Amino acid sequence: MATKDLSQYDTESVPSAKNMRFGIVVAEWNFDITSALAKGALSTLQKHGASEENLLVKYVPGSFELPLGAQYFAEMENVDAIILLGCVIQGETRHFDFICEGVTKGTVDLNLKYNKPFIFGVLTTENVQQAQDRAGGKHGNKGDEAAVTAIKMVHLKQNFSL
Ligand code: DLZ
């Protein structure tokens, strides 16, 4: 995957998502940013063959709630991977650190608990500009990157179980 432009990747290296089913959890905090991440993720999944009926989207209040929203997907829907989309912007207090720690640790734990890809599509930035730059701006869209990662991880798992 690209490190400078989140939307730049080798298209040929991405497997078909035709028969894959995805859950996408979107945080409502900084919604102008997270809705742009969701738009990127959805269009990238469709670009690689996922059908609209296999793309399930749910919303949670903030990034801190993303892991639980993702766990609901794992327990209540038949999905191959879950993408967590959020945007945490540094404020004046340590809240930023606690939210980032919670969502990061929560996501890692879910991957291992369910043996399923839970993709970390959370922007953690110092300011709004940095977030906009990574939500369809000059550094691409982290939603695109998260979608490609999800497809690749589902494919990887499918190859193991062949
Ligand atoms: C409270 C809070 C703050 C200050 N900042 C953000 C943020 O930048 N991004 C985000 O996604 N959520 C934020 N939240 C909300 C928390 O994620 C969470 O929803 C609340 O602490 C309630 O659990």
Side-chain angles (χ1 to χ4, degrees), residues 1-9 17 20-47 50 52 54-77 79-154:
M1 291 294 303
T3 49
K4 285 219 166 104
D5 184 334
L6 294 158
S7 298
Q8 214 175 65
Y9 58 93
M20 297 178 185
R21 190 168 158 85
F22 299 92
I24 300 168
V25 198
V26 185
E28 289 169 343
W29 261 78
N30 301 313
F31 194 63
D32 48 339
I33 302 289
T34 61
S35 57
L37 299 179
K39 200 172 158 199
L42 288 166
S43 72
T44 300
L45 292 169
Q46 285 182 287
K47 179 174 142 190
E52 208 175 333
N54 282 335
L55 303 176
L56 314 179
V57 183
K58 299 278 186 201
Y59 298 90
V60 293
S63 293
F64 193 80
E65 285 74 39
L66 284 169
L68 184 57
Q71 177 161 297
Y72 291 158
F73 258 121
E75 300 210 331
M76 295 178 223
E77 293 284 356
V79 288
D80 297 301
I82 297 111
I83 299 172
L84 291 75
L85 299 175
C87 171
V88 195
I89 299 176
Q90 181 101 56
E92 290 178 356
T93 69
R94 291 197 58 213
H95 217 84
F96 175 88
D97 301 317
F98 297 128
I99 296 170
C100 291
E101 194 183 323
V103 65
T104 310
K105 169 89 168 51
T107 307
V108 172
D109 289 351
L110 287 169
N111 273 281
L112 304 179
K113 177 176 173 187
Y114 290 96
N115 199 26
K116 190 172 268 211
F118 289 76
I119 308 302
F120 189 71
V122 180
L123 291 173
T124 57
T125 65
E126 289 167 10
N127 53 52
V128 175
Q129 186 60 56
Q130 288 179 347
Q132 287 170 343
D133 290 346
R134 292 159 179 79
K138 70 177 179 190
H139 293 308
N141 190 326
K142 184 139 186 87
D144 296 348
E145 185 216 37
V148 170
T149 306
I151 295 168
K152 286 186 169 180
M153 288 305 293
V154 172

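FYI, side chains are in, hydrogens and waters are out, and symmetry mates aren't considered; it's all heavy atoms of this structure. Each residue takes its place number in the sequence, starting with 1. Worth saying up front: this structure is predicted, and the values here are computed from it rather than measured. Order of appearance sets the numbers: ligands from 1, and atoms from 1 within every ligand.
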**Request:** Run through ligand 1 for me and note each protein residue having a heavy atom under 4.0 Å from it, chain first, then residue number.
**Result:**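 Heavy-atom contacts below 4.0 Å: Trp29, Asn30, Gly62, Ser63, Phe64, Glu65, Cys87, Val88, Ile89, His95, Ile99.
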**Item:** Student check: side-chain heavy atoms of Val88 and Trp29 closer than 4.5 Å
**Value:**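 Contact flag for Val88/Trp29 side chains = no.
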**Message:** Quick check: do Leu42 and Val57 have side-chain heavy atoms less than 4.5 Å from each other?
**Reply:**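 Counting from C-beta outward, Leu42 and Val57 do come under 4.5 Å.
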**Item:** salt bridge (charged side-chain N to carboxylate O under 4.0 Å, His left out) partners of residues 86-95, not counting sequence neighbours, each pair once
**Value:**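 Found Arg94-Asp97.
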**Under the side chain to side chain donor-acceptor pair (under 3.5 Å) test, residues paired with Lys58 that sit two or more places apart** =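 Not a single residue meets the side chain to side chain donor-acceptor pair (under 3.5 Å) criterion with Lys58.
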**Distance-only side-chain donor-acceptor flag, Glu75 / Tyr114, under 3.5 Å** =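 Result is yes, a qualifying pair exists.
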**Asked** Of all residues at least two apart in sequence or in a different chain, which pass the salt bridge (Lys or Arg N to Asp or Glu O under 4.0 Å) check with Glu77?
**Response**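 Listed in chain order: Arg21.
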